[in-house]
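As the structure lists them, so they are numbered: ligands from 1, and atoms in each ligand from 1.
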Amino acid sequence: MIKVAVNGYGTIGKRVADAVAAQPDMEIIGVSKTKPGAEAFVAKQRGYPLYIADITKKENFEKAGIQVAGSVADMIQKADIIVDATPGGVGEGNRVLYEKYGKKAIWQGGEDHEVAGFSFNSSCNYTEAIGKQFARVVSCNTTGLCRIINLIDSAFGVKKVRATMVRRGGDPGDVKRGPIDAIVLNPVTIPSHHGPDVQSVLPNINIVTSAMIVPTTLMHMHFLNMELKNPATKEQVIELIKAHSRLGLIEKSTGITSTAELKEYACDLLRPRGDLWENGIFKESISVLEGTDLYLFQAIHQEADVVVETVDCIRAMAGRCQTASESIAITNKAVGLTAIR
Ligand SMILES: NC(=O)C1=CN([C@@H]2O[C@H](COP(=O)(O)OP(=O)(O)OC[C@H]3O[C@@H](n4cnc5c(N)ncnc54)[C@H](O)[C@@H]3O)[C@@H](O)[C@H]2O)C=CC1
Ligand SMILES: O=C(OP(=O)(O)O)[C@H](O)COP(=O)(O)O
């Protein structure tokens with residue numbers, strides 16, 4: 001069993017912990033928090049040993065009835081690999097600890113590519129991660145972009161991508177975030193950071209992105225245009241999407257034309273936490289104009305899509321599966337991911 005620690009048991013960390021615990025070849029040896037709170041109680045209920053960043057705060061946890069297994073340094077020493085899901089910018093400072101104990105570590109998309117020197121997406125560069133000490137799973141938006149762009153590029157060649165991201169303001173539990181009543185250009189400059197981030201995984205893709213933030217918490221929405229090198233038909237694109245286990249297709253007959261209805265659908269399908277690990281591509285939006293001009297809308301569940309990628313990244317770095325398809329199949333089966341059709 002691969003011994004996995006999750007440093008930072010928040011929105012992403014708690015999902016990664018459950019996904020790892022569900023795998024046949026991995027186990028959670030500990031998760032970490034800074035303060036006692038609802039997520040610490042969830043960790044206790046799940047039976048994950050809880051470690052804390054600042055051991056002098058141990059009493060605060062114990063007073064709240066939460067047992068502390070030790071410090072983050074203790075946790076790291078017990079693990080084969082650490083998933084760092086601390087808030088963006090915090091994880092970079094943890095690298096010295098992972099180096100000190102000679103451990104493998106995976107960061108999330110809030111950190112810069114340079115923190116690991118390697119950015120990961122299961123469908124695009126799984127084999128490059130095999131045996132690596134450090135990797136970064138790209139952000140939720142970049143993950144959603146990489147999946148579809150790489151698929152289309154492999155089949156028809158992509159000359160140029162233009163994409164606009166309508167980003168959720170914060171996660172459902174992020175009560176202090178906004179905006180409450182605005183569409184914020186974020187960033188106001190073009191290109192946004194998403195294009196270069198896609199290129200950290202797919203260096204040969206010519207891409208320009210722009211982004212804004214809106215007052216919603218459920219999902220992001222992407223508008224994508226890909227100029228193709230070779231002609232394609234709408235039907236061919238749909239067949240390719242259907243064959244990809246992490247690209248979901250939203251049929252007209254569902255009546256779903258929004259993130260809210262899509263999230264409700266995922267909840268009604270009894271996905272854990274209503275998580276949509278796959279891209280939600282609106283079938284009706286797929287259009288190929290003049291043979292080489294592909295357009296589509298896709299919804300991305302920011303809290304979920306990177307979770308399954310992180311599990312594959314663990315398996316690749318541990319050297320357990322030599323191909324992406326093998327690892328993706330194990331991960332999907334263990335969490336119960338069958339892409340929506
Ligand atoms: N929330 C999202 O939609 C997505 C987040 N990401 C990335 O995932 C990473 C984590 O983000 P979230 O889960 O949203 O953050 P979060 O704020 O929900 O969770 C972070 C957790 O880390 C803990 N923490 C803070 N400092 C710590 C420290 N020094 N040591 C140990 N634990 C510490 C906090 O108590 C909290 O439980 C970031 O890099 C973010 O950019 C990536 C994709 C989507
Ligand atoms: O990494 C993300 O988005 P991004 O790809 O737009 O940077 C996640 O949705 C987290 O974004 P946040 O930094 O707004 O919490």
Honestly, for H301 the part within reach of ligand 2 (heavy atoms, under 4.0 Å) is neither
_Quick check: H194 and ligand 2, any N/O pair under 3.5 Å apart?_
yes
In this structure, does ligand 1 have an atom that sits under 4.0 Å from one of the heavy atoms of K14?
no
Judged by heavy atoms only, the candidate from V138, T34, V115 nearest atom 26 (N) of ligand 1 is T34
Ligand 2 to C140, heavy atom cutoff 4.0 Å, flagged ligand atoms 1 (O), 2 (C), 3 (O), 8 (C), 9 (O)
Under 4.0 Å from one or more heavy atoms of N141, ligand 2 contributes atoms 3 (O), 4 (P), 5 (O), 6 (O)
Distance col, row I149:CD1 vs M226:CE, nearest 0.5 angstrom, shows 5.5 Å
At under 4.0 Å between heavy atoms, what of T86 touches ligand 1? The answer is both
- Query: Does an N or O anywhere in S139 fall below 3.5 Å from an N or O of ligand 1?
  - Reply: no
Here the atoms of ligand 2 under 4.0 Å from any heavy atom belonging to H220 are 9 (O)
Counting from 1 in the order shown, the ligand 1 atoms closer than 4.0 Å to a non-hydrogen atom of A85 are 10 (C), 20 (C), 21 (C), 22 (O)
Note: ligand 2 atoms sitting under 4.0 Å from heavy atoms of S139 are 1 (O), 2 (C), 4 (P), 5 (O)
In ligand 1, the atoms that come under 4.0 Å of a heavy atom of N7 are 30 (N), 31 (C)
Legend entry - Nitrogen or oxygen of G110 less than 3.5 angstrom from that of ligand 1: yes
Exactly one candidate in R315, R15, R246 meets salt bridge (charged side-chain N to carboxylate O under 4.0 Å, His left out) with E309; the answer is R246
request  = Report yes or no: does M165 have a heavy atom closer than 4.0 Å to ligand 2?
outcome  = no
Ligand 2 to R167, heavy atom cutoff 4.0 Å, flagged ligand atoms 4 (P), 6 (O), 7 (O)
For this session: Please indicate whether any nitrogen or oxygen in R177 is less than 3.5 Å from any nitrogen or oxygen in ligand 2.
Result: yes
